[in-house]
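Labels below follow one simple rule: chain letters A, B, ... track the order of the sequence lines, proteins then strands, and each chain is numbered from 1. Keep in mind it's a predicted model, so treat the numbers as computed, not measured.
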Number of protein chains: 2
Amino acid sequence: MVTKRYPTSVEVARLAGVSQSAVSRTFTPGASVSARTRDKVLAAAETLGFQPSLIPRIMLTDRSGLVALVVGGLENAFYARVVQSFAARLREAGNQIVLVPVDSDYTLDAVAARLAQYRVDAIVSALAVLSQDAAETLSASRIPVVSFNTPVTAARVGSVGSDNALGGRQAAALLHDRGVRHPAFIAGPADSPASAERLAGFRDGLRAAGLPEPRVAGSAYTYEGGAEAAMRIRADAPVDGVFCANDLCALGAIDALRRVGRRVPDEVRVIGYDDIPAAGWGGYDLTSFDQDVPALVEAALAMIARMSGPESALGERVLIPPRLIERGSTRA
Amino acid sequence: MVTKRYPTSVEVARLAGVSQSAVSRTFTPGASVSARTRDKVLAAAETLGFQPSLIPRIMLTDRSGLVALVVGGLENAFYARVVQSFAARLREAGNQIVLVPVDSDYTLDAVAARLAQYRVDAIVSALAVLSQDAAETLSASRIPVVSFNTPVTAARVGSVGSDNALGGRQAAALLHDRGVRHPAFIAGPADSPASAERLAGFRDGLRAAGLPEPRVAGSAYTYEGGAEAAMRIRADAPVDGVFCANDLCALGAIDALRRVGRRVPDEVRVIGYDDIPAAGWGGYDLTSFDQDVPALVEAALAMIARMSGPESALGERVLIPPRLIERGSTRA
DNA sequence: TTGAAAGCGATACCAA
DNA sequence: TTGGTATCGCTTTCAA
C-alpha cells in the first residue's frame, strides 16, 4: 500500500467541521473568513500538518513560480556569484530556482522540453556559449528567455551582458599607460561571443593608443587553459602585457609565466575579467573587471518581466558597463 | 486579456480528430496506439507546439520529480562541485533540482514550508551548519531529508559525510612524519560539526604520535578567515605545521604566513580539506583531502531512496573515507 | 460569511 | 485499439 503523504484541505475541513472552501479561504490572503472559522481551520491544519499544495494553482494559472537557471561551469566563481545573486532577488519575488547544469549544447534540447513541461515562468541561460540552434529551441518553448553574456536573436529571447568592448578598450588604455609595448590577448573558446567582444574592444583600444596588434592565443576559460595559452604566446614573441578573457585564465597565465621565470607585474602586466574572489588573493593581486553582477541580474529580471507581458520583446539587448578594479598585477 | 500560454491535449485531440485519451496515450511510453492515430496526434501536437504538462501528474501521484538542494556559500568551490555532481546524477534519474541558497538558518523555516508546498520529493541540505531546530523543521515537512556533513538526529533525516575524524588523524600522522613539532589547527565556525570532528581526529592523531596539543584558532571557512586565524596563531607561539578545516582557510593562511615572511612549506607545513581546484594552483600546491564527492552523492541518493519507502529510516549516518592528496605544502 | 459545485489538464480504468 | 469518465487538490464563481 502506498503511504498517503500529504493531508488535504478536505481532511482539514472535516476535522474543523467546516467546508473545504473555508479552508481554502483561510489560506488565501485577503479572503473573507470569520475569525472563528479561521481559528478552527488553523487548529485543524496544525494537527494534521497541512500545507496547501501549490500544484493545483499552477494548473489553474499556468504560472509555476519556477524560474530555470541554466548554467555550465559552476566551478568558475563568477557563475557561482551569478547564481547567488539571482537566488536572492528571485526569493524576494517569491520564486523558486530550478537549476539546470549543462555540459554542452547537446543536452539543451531535452532540457528545454522538460522545463516547458514543468511550466517554468522563465529561463535564464548563463552559459558562456549558447548556440543559435539552442536559442531557437528555447525560443520555441514560448517561455521568456534571457541569455547572459551571449547575444542571440530569436523571439522571446533577450540578452543581458557586460559591455565587453568597453572593458577591452579600458584594458588597452591601462596597459598602454603602464608602458606596455607588446600586448597579447588570451581568449576563451573560439565560439564565445564575450571573448570575441573583449578582444575587439582590446584591438580598438590598442589601435587608438598606437600599439601593435596583440598576439592572440585561445584557451578554455579555465586555469589550465590560461596556463597553456600563456606558454604558447611566450614561445611566440616578447610580450609585456596580457589581457585575459577571464580571471581563471589570467590566474593560470600568471602562474605559468612565473614558473618559467617571468616576473609579474615587473616584466609582464596581466589583466583579467570577472573579478572573482581569487583575483584578490595574495600571490595574484590581479587587476580585473567587475561585471556588476547585481546590475546584470536586475536587468535580466526586468527584461523577463517585460517579455512575460502579452507582446514579446524581440532580441532586446542590455549592456552593463564593467568597473575596472586595479590591483598589483598592472603596476608600472 | 490574459494570453493563453500552453495548448492542451484537448485542443490537440480536436485538431487531430481523435479523443483526448488518444493524445495522452501517444505521449505515454508503452501505451497502445495505432500508428495511424499516433501520427495524426503528433502532427497536431507539432502544429500547436504541444508539450504535455507534468503538473496534473504531480497532483495525482504526489511525486513532483523535484529534489531540493539547500546550499550556503556556493563561492566555496567544494559546494559548487557537490551541486554539479548531484545535478548529473539526478538528471539521469529524470529529476529536476530546485536550488535553495540560504544565508542563515533563519530563512530555513520559510524555505521548508515552501518546498513542502511544491511537493518536492526530497531535500538535500549541503549547509556547513544545520541547527537541530532547522533539522526538525525540515523533518516536520515529512519529506526525506539528507544532510551533508552535518550529523543531525530527527525522523526522516539522514546524514552523509566525509570521515572527518579519519582525515584529522591522517593529517596529524603526515605532519608528524614531516618533522612538525608545534602543530596548530585553524577551525571553521564554532558550530560546524565537520570542523569539530576534524579537530577531534587531529588531536587523536597528534596524541598517538606523541606531539603536543595543537594551538587552535577559529575562522569562518573563508580565505579571509584563514588569513586572520593564521596571524592569531603566529602571534601566539612558534608553529611549524597547520591543519586547516578547509582549503579556503588554508589558502588564506598560506598567503598570510608568506606576507609576514614565513616560508611555506620550509618553515611551516600546511594541510587543507576539500581538495578544491585552487589547491593545485602554482603558488599554493596545497596538500588536502578529497572528500570523494561522487561517493558522497551516491550515498545520499541511496539514502533518500531508502527513506522514500514506507518505513522511514531514522538518523542513519554514512561516512565516506577521504583521500589524502599530498602536494608541496607538506614537503619536509 | 459560508457552502456547493464547476473547472484546471493530465492519467487510468472501463466498456465498446 | 479506442473513447468516455472518474479523479487528483485546489481556486473561484454563485447562491444562500
Side-chain angles (χ1 to χ4, degrees), chain A residues 2-42 44-45 48-65 113-114 116-121 142, chain B residues 2-42 44-45 48-65 113-114 116-121 142:
Chain A
V2 177
T3 344
K4 183 158 179 14
R5 305 219 309 167
Y6 299 98
T8 72
S9 61
V10 175
E11 292 165 345
V12 174
R14 198 184 310 138
L15 179 60
V18 299
S19 74
Q20 182 272 334
S21 311
V23 177
S24 175
R25 283 187 210 107
T26 301
F27 286 93
T28 304
S32 62
V33 220
S34 68
R36 236 177 78 69
T37 306
R38 180 159 25 91
D39 290 348
K40 283 192 292 187
V41 169
L42 288 178
L48 297 177
F50 169 76
Q51 290 279 21
S53 170
L54 243 30
I55 307 302
R57 185 214 297 277
I58 299 175
M59 215 160 77
L60 263 353
T61 63
D62 260 0
R63 316 212 80 247
S64 61
R114 201 87 193 144
Q117 296 192 308
Y118 273 102
R119 301 306 190 232
V120 302
D121 295 340
R142 304 188 187 190
Chain B
V2 177
T3 344
K4 182 155 184 14
R5 305 219 311 168
Y6 298 97
T8 72
S9 60
V10 175
E11 293 165 344
V12 174
R14 199 184 312 138
L15 179 59
V18 298
S19 74
Q20 183 275 333
S21 310
V23 177
S24 177
R25 280 188 216 107
T26 302
F27 287 92
T28 304
S32 61
V33 221
S34 68
R36 235 176 79 69
T37 305
R38 180 158 26 91
D39 290 348
K40 281 192 292 183
V41 168
L42 289 179
L48 296 177
F50 170 77
Q51 289 281 19
S53 170
L54 243 31
I55 308 301
R57 181 214 301 275
I58 299 175
M59 215 159 76
L60 261 353
T61 62
D62 260 358
R63 316 213 80 247
S64 62
R114 201 85 194 145
Q117 296 192 307
Y118 272 101
R119 302 304 192 236
V120 302
D121 296 340
R142 308 188 185 186

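- Spacing between atom OH of B:Tyr6 and atom P of C:dA10 amounts to 12 Å, rounded to whole angstrom units.
- Summarising the geometry, the separation between CZ on A:Arg14 and P on D:dG9 is reported as 11 Å, rounded to the nearest angstrom.
- Applying the 4.0 Å criterion to OP1 and OP2 of C:dT2, one finds that A:Thr37 has a side-chain N or O inside that range.
- Counting any heavy atom pair closer than 4.0 Å across all strands shown, A:Val33 reaches sugar-phosphate atoms only and no base atom.
- With sequence neighbours left out, A:Tyr118 forms a ring-ring contact (aromatic ring centres under 6.0 Å, His included) with no residue at all.
- Here D:dT1 is the nucleotide among C:dA10, D:dG3, D:dT1 with the atom lying nearest to any side-chain atom of B:Ser32.
- Here B:Ala113 pairs with A:Gln51 under the side chain to side chain contact (heavy atoms under 4.5 Å, CB included) rule; sequence neighbours left out.
- Across every non-hydrogen atom of B:Val120 and B:Ser64, the tightest pair is CA-OG, 3.5 Å.
- The side chain of B:Thr8 has C:dA10 as its nearest neighbour among C:dA10, C:dT1, D:dC10.
- With sequence neighbours excluded, no residue forms a side-chain hydrogen bond (donor to acceptor under 3.5 Å, both in side chains) with B:Thr26.
- The interatomic distance linking A:Phe50 (CZ) with D:dG9 (C1') rounds to 8 Å, in whole Å.
- When each of A:Ser53 and B:Arg36 is assigned the nucleotide of DNA chain D bearing its nearest heavy atom, the one mapping closer to the 5' terminus is B:Arg36.
- Summarising the geometry, the separation between CD1 on A:Ile55 and C1' on C:dA10 is reported as 13 Å, rounded to the nearest angstrom.
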Check: protein-nucleotides 12-16 of chain D nitrogen or oxygen pairs below 3.5 Å:
none

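- Side-chain N/O atoms of A:Ser34 include none lying less than 4.0 angstrom from OP1 or OP2 on C:dT1.
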Determine, step by step, whether A:Tyr6 and A:Leu48 satisfy the side-chain contact (heavy atoms from CB on, under 4.5 Å) criterion, reporting the C-alpha distance in whole Å, the side-chain angles of both residues, the deciding distance to 0.1 Å, and the verdict.
CA-CA 9 Å; A:Tyr6 299 98; A:Leu48 297 177; over 6 Å; no

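- Put simply, CE on A:Met59 is 8 Å from C1' on D:dG9, counting in whole angstrom units.
- Considering every non-hydrogen atom in both A:Gly49 and A:Pro7, the closest pair reads O-CG, 3.6 Å.
- Taking atom NZ of B:Lys40 as the reference point, atom C1' of D:dT2 lies 11 Å away to the nearest angstrom.
- Between B:Phe27 atom CZ and C:dA12 atom P the separation is 16 Å, expressed in whole Å.
- Each end of the helix from C:dT1-D:dA16 to C:dA16-D:dT1 gets its own axis from five base pairs, and the two axes differ in direction by 40°, given to 10 degrees.
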Review item, side-chain donor-acceptor pairs of residues 52-61 of chain B, under 3.5 Å, at least two apart:
from, atom 1, to, atom 2, distance (Å)
B:Ser53, OG, B:Ile55, N, 3.1
B:Thr61, OG1, B:Arg57, O, 2.8
B:Thr61, OG1, B:Arg63, N, 3.2
B:Thr61, OG1, B:Arg63, O, 3.4

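- Annotation: side-chain hydrogen bond (donor to acceptor under 3.5 Å, both in side chains) contacts involving residues 12-24 of chain A, sequence neighbours excluded, comprise A:Ser9-A:Gln20.
- Taking atom CZ of residue B:Arg119 and atom C1' of nucleotide D:dC8, one finds them 12 Å apart after rounding to whole Å.
- Looking at residues two or more places apart in sequence or on another chain, you find a side-chain hydrogen bond (donor to acceptor under 3.5 Å, both in side chains) between A:Ser34 and A:Thr37.
- The side-chain hydrogen bond (donor to acceptor under 3.5 Å, both in side chains) check on B:Arg114 picks up B:Gln117, with sequence neighbours excluded.
- With C:dT1, C:dG3, D:dC10 as the candidates, the nucleotide lying closest to the side chain of A:Ser9 is D:dC10.
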